[in-house]
Amino acid sequence: MFPGSQGGYAEARAIGVYLEDRNICQVSCMINPQIVPLYRIIEMVRSEAKRYGLSIIGTDICGMVSQSALMDCCEYYMQLENFDRKAQILEELL
């Protein structure tokens, strides 16, 4: 994960859009979660928003995402210790 020339990640593309009807700003990103984890992008957006007195009110996934990418987020935000995906996720055992 190398910083890009604009200060972000070279492997990620993002654009901010103001949604007038909802009075919010939306950040749309295209990433490869195998290179840049979803949680890292969320935390970068959160950090940048905080600089301007804003906060994240929600997230949305458009299209498909791998279970692995979501589990990475789950492990990060829940601060799971000694978690074994293969042994502790029910669907993995079925």
Around atom OH of Tyr18, are there more than 12 heavy atoms of other residues, nucleotides or ligands at under 6.0 Å? yes
For the atom pair CD (Gln88) and CG (Asn82), what is the distance rounded to the nearest 0.5 Å? 8.5 Å
The reported gap from CG in Leu38 to CD in Glu43 (rounded to nearest 0.5 angstrom) is 12.0 Å
Ion pair Arg51/Glu48, N-O distance below 4.0 Å: yes
Going by the angle between their ring planes, with limits at 30° and 60°, are Tyr39 and Tyr77 parallel, tilted or perpendicular? perpendicular
If you count every heavy atom of other residues, nucleotides or ligands that lies below 6.0 Å from Gln34 atom CD, does the total exceed 12? no
Cut-off 3.5 Å, no hydrogens considered: what does the side-chain donor-acceptor table look like for residues 54-73, sequence neighbours left out?
residue : atom : partner : partner atom : Å
Ser66   : OG   : Ala69   : N            : 3.0
Ser68   : OG   : Arg85   : NH1          : 3.3
Asp72   : OD1  : Arg85   : NH2          : 2.3

Can you tell me how far the CD1 atom of Ile89 sits from the CZ atom of Phe83, to the nearest 0.5 Å? 4.5 Å
Quick check: are there more than 12 heavy atoms from other residues, nucleotides or ligands sitting under 6.0 Å from CG of Leu93? yes
Do Arg40 and Tyr76 have side-chain heavy atoms sitting under 4.5 Å apart? no
Heavy-atom side-chain proximity of Ile41 to Val36 below 4.5 angstrom: yes
